[in-house]
Amino acid sequence: MNPNQYLVPPGQKVSLGDINPDETRGDKATVKEENSVIQMRLAELQELLFAGHDRKLLIVLQGMDTSGKDGTIRHVMGGFNPQGTRVVSFGKPSQEELDHDYLWRVHRQMPRKGEVMVFNRSHYEDVLVVRVHELVPKSVWKKRYDQIRAFEQMLADEGTLILKFFLHISREEQRARLQARIDNPKKRWKFQHADLEERERWDDYHQAYEDAISRTSTEGAPWYIVPANQKWYRNYVVGATIAQVLEGLHLKYPKIDLPEIVVT
Ligand code: AMP
Ligand code: MG
């Protein structure tokens, strides 16, 4: 697989209806094997990043409810050293967060040198749920695409690698996954009644996603649209993409000249 096939080129207008969430390449058993190899390599790359204490990696995960953000995090970070890696989930903003500008709560969570940061939802909610539910007037949210582009450009200029993934599932797949959350006692804790109301607004969300992705996929902070109906393929695409981008940095352990010290 060439991860770039899922990259949204800057300026391209996205139409989610034209992208097949069921798409896979290769057979499941082989891809799963390759997945474990990628997972091990990702762990090495994360250590190199940490040791180098220079670059920073931000991974943004977005998607409709049940699209597999949590599962993707488990897979991608499975081999990571907890030291040097963090995940933060962005839910409904607190009063303190609402009292600030919408980028305040995300800015303070940005990765520091050597760190990998995973955002489970992100500042994009401020042009998604906020737009769909009209939580702020259009005159406010419509300015946010440019603001987000400028914000991410600044982060990229300052050494942050930014990769943004939209986990693309079909409406039917969401139906099945929500039903499974209701039927399976082990999954019931994940079920929220509000998810059913959000599901009613599927088309509005897709429209908001199309606009957000089309307007904010840039060279420094690209979007990838990941076919996510098949979990094994979704994991593969996200893992392989991150690995490929990190390989491109040609990370090396820092060269440290030590005289011939003998530890006694
Ligand atoms: P979950 O991902 O299931 O934990 O749900 C988090 C919820 O928080 C989702 O319904 C999001 O739409 C909501 N959320 C996240 N960010 C915002 C925001 N900026 N404004 C309003 N709701 C948000
Ligand atoms: Mg939820």
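Computed from a prediction, not measured in an experiment: that's the story for all the values here. Along the sequence shown, residues carry numbers from 1.
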Chemist: Verify the neighbour count for atom CZ of Arg112: are there more than 12 heavy atoms of other residues, nucleotides or ligands below 6.0 Å?
Modeler: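 It does not: Arg112 CZ has 12 such atoms or fewer within range.
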
Chemist: Ignoring hydrogens and geometry, is there a side-chain-to-backbone donor-acceptor pair from Arg86 to Val116 under 3.5 Å?
Modeler: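 Side chain of Arg86 to backbone of Val116, a donor-acceptor pair under 3.5 Å: no, none is there.
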
Chemist: Among Phe166, Trp223, Trp202, exactly one meets ring pair (Phe, Tyr, Trp, His ring centres under 6.0 Å) together with Tyr209. Which residue is that?
Modeler: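 So the option named by the test is Phe166.
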
Chemist: Would you check if the side chain of Glu125 reaches a backbone N or O of Val130 as a donor-acceptor pair within less than 3.5 Å?
Modeler: no

Chemist: State plainly whether the residues Lys92 and Glu97 are in salt-bridge range, i.e. N to O under 4.0 Å.
Modeler: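 Looking at Glu97 together with Lys92, the answer is no, because their closest N to O distance does not fall below 4.0 Å.
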
Chemist: With a 3.5 Å distance limit and no angle check, can you tell me whether Arg234 reaches the backbone of Pro227 through a side-chain donor-acceptor pair?
Modeler: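 Not a single qualifying donor-acceptor pair exists.
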
Chemist: Hey, is the main chain of Gly68 close enough, under 3.5 Å, to the side chain of Thr72 for a donor-acceptor pair?
Modeler: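 The answer is yes, because a donor-acceptor pair under 3.5 Å joins these two groups.
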
Chemist: So, Tyr6 versus Tyr224, ring centres under 6.0 angstrom or not?
Modeler: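 No; Tyr224 has its ring centre 6.0 Å or more from that of Tyr6.
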
Chemist: Are Lys32 and Glu34 close enough for a salt bridge, meaning some N to O gap below 4.0 Å?
Modeler: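 Judged by the 4.0 Å cut-off on N to carboxylate O distance, Lys32 and Glu34 do not form a salt bridge.
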
Chemist: Would you say the side-chain atoms of Lys56 pair up with the backbone N or O of Glu158, donor to acceptor, closer than 3.5 Å?
Modeler: yes

Chemist: Checking Ser122 side chain against Tyr124 main chain: does a donor-acceptor pair fall under 3.5 Å?
Modeler: yes

Chemist: Can a donor-acceptor pair be found, under 3.5 Å and without considering hydrogens, that links the side chain of Ser170 to the backbone of Pro21?
Modeler: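 The answer is no, because no donor-acceptor pair under 3.5 Å joins these two groups.
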
Chemist: Regarding Arg121 and the six-membered ring of Phe90, is the cationic atom NZ or CZ under 6.0 Å from the ring centre and inside 45° of its axis?
Modeler: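 No, Arg121 does not sit over the ring of Phe90.
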
Chemist: Any salt bridge between Arg41 and Glu247, counting N to O under 4.0 Å?
Modeler: yes

Chemist: Any ion pair linking Asp126 and Arg131 (charged N to carboxylate O, less than 4.0 Å)?
Modeler: no

Chemist: Does Arg177 offer a backbone N or O that forms a donor-acceptor pair with the side chain of Thr66 under 3.5 Å?
Modeler: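 The answer is no, because no donor-acceptor pair under 3.5 Å joins these two groups.
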
Chemist: Verify ring-ring contact (aromatic ring centres under 6.0 Å, His included) between His193 and Phe191, making sure each step is shown before the conclusion.
Modeler: CA-CA 7 Å; His193 276 280; Phe191 180 75; 5.3 Å; yes

Chemist: Kindly say whether His75 contributes a backbone atom to a donor-acceptor pair with the side chain of Gln39 at under 3.5 angstrom?
Modeler: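 Flag set: sc Gln39 to bb His75 pair under 3.5 Å.
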
Chemist: Is a side-chain N or O of His123 found less than 3.5 angstrom from the main chain of Val106, in a donor-acceptor match?
Modeler: no

Chemist: Is it true that Gln147 and Tyr102 share a donor-acceptor pair across their side chains at a distance under 3.5 Å?
Modeler: yes

